[in-house]
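In what follows, a structure is listed as structure tokens, so that the remarks can point back to it.
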Amino acid sequence: MYLLAFAGACVLVAMVPGVSTAVILRQTLRSGRGSGLAATLGNETGILLWGLAAASGLSALLVASQLAYDVMRVTGAVLLLAMGAQALWQAGKKTPATPEAVPGRRGPYLAGLGTCLANPKAAVFALSFLPQFVPAGVAGRDVPLTLVTLALVWVAVDLLWYGLLVWAVAGARALLDRPAVRRRLERISGVLLIGLGVRMVVESR
């Protein structure tokens, strides 16, 4: 029963737009369904790693260290600002880059993974979110195993949600592939990514 409750909470969390949604949608709009799914897999790899870190207690060390937290916060912000600047540069070109027929998967995967791992809020969220759903009767060595199980459920729900989102957006690419529309979308995604990066720089814990 607690897994169903946790899965429901994960659905609500996934539906709230954030850094991951922005990165995944941009990759999908730029290069199609494959790139969007690759970015999703990268993001979920990061989520799984944060879940495992929470199960082993490593996330607690990050939360306790202001220096480590700030380093990650600035690193994540730089990644977002770089991606946003790239999007604005593409939008400013007279002839925007045409999506590749067979786009590579490594770049989108690393974009999803990097933004997730460099987001200290993901670590804090894993540390505070997962333990709330550990049943009261679980104790001792069973707690890490339960946390890992919850992390896997979290990843599964995310994969389903983002997979559906990528599929829907990729299906609309035929309507969005005109140069003028692509420039506008690049401009919007660039401003959004830069805004998220600036917010990550200035926000406190």
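Predicted model, so just to flag it, every value in this text is computed and none were measured.
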Original post:
Between Ile47, Leu48, Val153, Thr40, which is the residue that forms a side-chain contact (heavy atoms from CB on, under 4.5 Å) with Asp158?
Top reply: Ile47
Original post:
Do Val166 and Leu25 come within less than 4.5 Å of each other through their side chains, counting heavy atoms only?
Top reply: no
**OP:** Drop me the distance from Phe133's CZ to Cys10's SG, to the nearest 0.5 angstrom.
**Re:** 7.0 Å
Original post:
How about Tyr162 and Glu44: do any of their side-chain heavy atoms sit closer than 4.5 Å?
Top reply: yes
Original post:
How far apart are the C-alpha atoms of Leu130 and Phe6, what are their side-chain angles, what is the distance that settles it, and do they pass the side chain to side chain contact (heavy atoms under 4.5 Å, CB included) test?
Top reply: CA-CA 8 Å; Leu130 297 181; Phe6 178 72; 3.4 Å; yes
Subject >> Sequence neighbours excluded, every pair satisfying side-chain hydrogen bond (donor to acceptor under 3.5 Å, both in side chains) that has a member inside residues 108-117 >> reply: Thr45-Tyr109
**OP:** May I ask you to test the Trp50-Leu117 pair for a side-chain heavy-atom distance under 4.5 Å?
**Re:** yes
**OP:** State, with a plain yes or no, whether a side-chain heavy atom of Thr21 is found less than 4.5 Å away from one of Leu165.
**Re:** yes
Original post:
Hey, does Val11 have a side-chain heavy atom less than 4.5 Å from the side chain of Leu160?
Top reply: no
Original post:
Hey, any chance Val157 and Trp167 share a hydrophobic cluster, counting ILVMFWY side chains that come within less than 4.5 Å of each other, even indirectly?
Top reply: no
**OP:** Measure the spacing between OG1 of Thr149 and CH2 of Trp154 and express it to the nearest 0.5 Å.
**Re:** 14.5 Å
Subject >> Any side-chain heavy-atom pair of Leu41 and Leu159 under 4.5 Å >> reply: yes
Subject >> Residues which pass side-chain contact (heavy atoms from CB on, under 4.5 Å) with Val148, listed by chain and number, not counting sequence neighbours >> reply: Leu52, Ala55, Leu152
Original post:
If you take all heavy atoms of Gly36 and Ile24, which pair is closest and at what distance?
Top reply: O-CG2, 3.8 Å
Original post:
Considering all heavy atoms of both residues, which atom of Ala54 and which atom of Leu147 are nearest to each other, and what is their separation?
Top reply: O-CD1, 4.0 Å
**OP:** Is it possible for you to say whether Met15 and Val13 belong to one hydrophobic cluster, with membership spreading through side-chain heavy-atom contacts below 4.5 Å?
**Re:** yes
**OP:** Begin from the C-alpha positions of Arg30 and Ser35 and carry the test side chain to side chain contact (heavy atoms under 4.5 Å, CB included) through to its verdict.
**Re:** CA-CA 8 Å; Arg30 289 193 69 206; Ser35 291; over 6 Å; no
**OP:** Grab the two heavy atoms, one from Ala111 and one from Gln27, that are nearest each other, plus how far apart they are.
**Re:** CB-NE2, 4.0 Å
